There are 2 protein chains.
Amino acid sequence: MHETAELLKEHHLKATPQRIKIVSMLEEYGHINIEDLYSHMLEEFPSVSLATIYKNINQMIESGLIQEVKIPKTKSVFELIKEPHLHMVCEKCGKIEDICIGTEKVIEEAKKLSGYDIKESFITLRGVCPECQ
Amino acid sequence: MHETAELLKEHHLKATPQRIKIVSMLEEYGHINIEDLYSHMLEEFPSVSLATIYKNINQMIESGLIQEVKIPKTKSVFELIKEPHLHMVCEKCGKIEDICIGTEKVIEEAKKLSGYDIKESFITLRGVCPECQ
DNA sequence: CTGAAAAAGAAAATTATTTTCTTTTAAGGC
DNA sequence: GCCTTAAAAGAAAATAATTTTCTTTTTCAG
């Protein structure tokens with residue numbers, strides 16, 4: 001069995017071909033928006049419905065398999081949930097990449113200044129990637 | 001003349017009562033979503049159109065007066081543009097606050113690891129505010 | 001105070017997302 | 001492997017969000 005199918009099962013989602021394709025695309029591309037997801041799905045499943053995409057995306061969010069990433073001035077994309085990371089967005093080519101770096105300093109300082117008990121951080125950095133420089 | 005009106009003029013926007021109210025609300029609340037903006041506007045301008053709200057918000061974004069802030073699992077809000085800052089969101093009461101802290105460390109490290117030439121950063125921290133703890 | 005350009009408001013159009021309903025399918029038990 | 005059944009897919013309609021179009025009203029420079 002696909003390991004992708006197992007991933008779905010672990011999240012109590014039936015391993016339908018459409019869901020396997022969605023998860024495979026997330027694995028392949030890392031980040032993808034609804035529109036691109038739909039157009040790629042159409043290649044393999046010519047009669048797939050946009051409602052199926054939305055329903056599956058929402059179920060995958062509810063089950064903790066994926067999450068929405070909101071990026072300024074851009075359509076939201078979705079990604080598989082993994083260890084905490086931040087997002088690098090290239091303003092030239094539009095590429096989105098994940099990087100893992102320590103954010104304790106910022107979080108600690110924010111905590112000190114604001115008094116908040118901080119649970120999560122969402123960091124997006126926009127600039128120009130090495131290939132576009 | 002209102003200083004709010006002058007702020008609009010500086011951004012080449014005519015100082016209509018509706019725009020003055022929008023900017024005043026942004027000054028008062030700091031962050032506000034379209035829905036709340038509209039319902040407060042209705043109190044003062046019973047015949048205001050939602051299209052007017054959207055058109056003004058978009059013009060204010062284009063002119064560099066305000067910007068959209070996208071927050072995970074929440075409707076977007078808008079804020080007046082000011083010095084760079086990050087956003088604190090209370091997961092209990094929903095409050096959004098700005099804080100200014102240094103982010104050079106994170107940005108420097110991200111630059112080193114990714115090779116990106118970083119131009120902007122967008123940071124949102126979610127947690128529990130002092131009042132809700 | 002007047003005219004031109006822009007904005008407001010109303011309504012329609014478009015786009016995005018969700019819901020409903022019927023048919024099809026995945027997968028556990030035999 | 002074959003049933004059964006709950007869940008998913010697909011189609012279409014419904015709802016929500018946003019934008020556009022068009023006419024009337026208003027701002028504001030001269």
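Model, not experiment: these values are computed from the prediction.
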So A:V128 and A:E91, do their side chains get closer than 4.5 Å, heavy atoms only?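 Counting from C-beta outward, A:E91 and A:V128 do come under 4.5 Å.
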Under 4.5 Å between any side-chain heavy atoms of B:K95 and A:Y116, yes or no?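 Side-chain contact under 4.5 Å: yes.
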Is it true that atom [atom1] of [X] has more than 12 heavy atoms of other residues, nucleotides or ligands lying nearer than 6.0 Å?
| X | atom1 | answer |
| --- | --- | --- |
| A:K82 | NZ | yes |
| B:H12 | NE2 | no |
| B:K105 | NZ | no |

Checking contacts here: which listed nucleotide (D:dC28, D:dT19, C:dA16) is nearest the side-chain heavy atoms of B:Y54?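 Looking only at side-chain atoms, B:Y54 lies closest to D:dT19.
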Could you check how far [atom1] of [X] sits from [atom2] of [N], rounded to whole Å?
| X | N | atom1 | atom2 | result |
| --- | --- | --- | --- | --- |
| A:N33 | C:dA16 | CG | P | 10 Å |
| A:I34 | C:dT18 | CD1 | P | 8 Å |
| B:Y38 | D:dA17 | OH | C1' | 13 Å |
| A:H11 | D:dA8 | NE2 | P | 15 Å |
| A:M60 | D:dA8 | CE | C1' | 12 Å |

Along nucleotides 2-11 of chain C, 5' to 3', which nucleotides get a B, which get an S, and which get a -, given that the test is a protein heavy-atom distance under 4.0 Å? ---BSSSBBB
Please work out which of the three classes, parallel, tilted or perpendicular, describes the rings of A:H31 and A:H87, given edges at 30° and 60°.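 Judged by the thresholds at 30° and 60°, the geometry between A:H87 and A:H31 is perpendicular.
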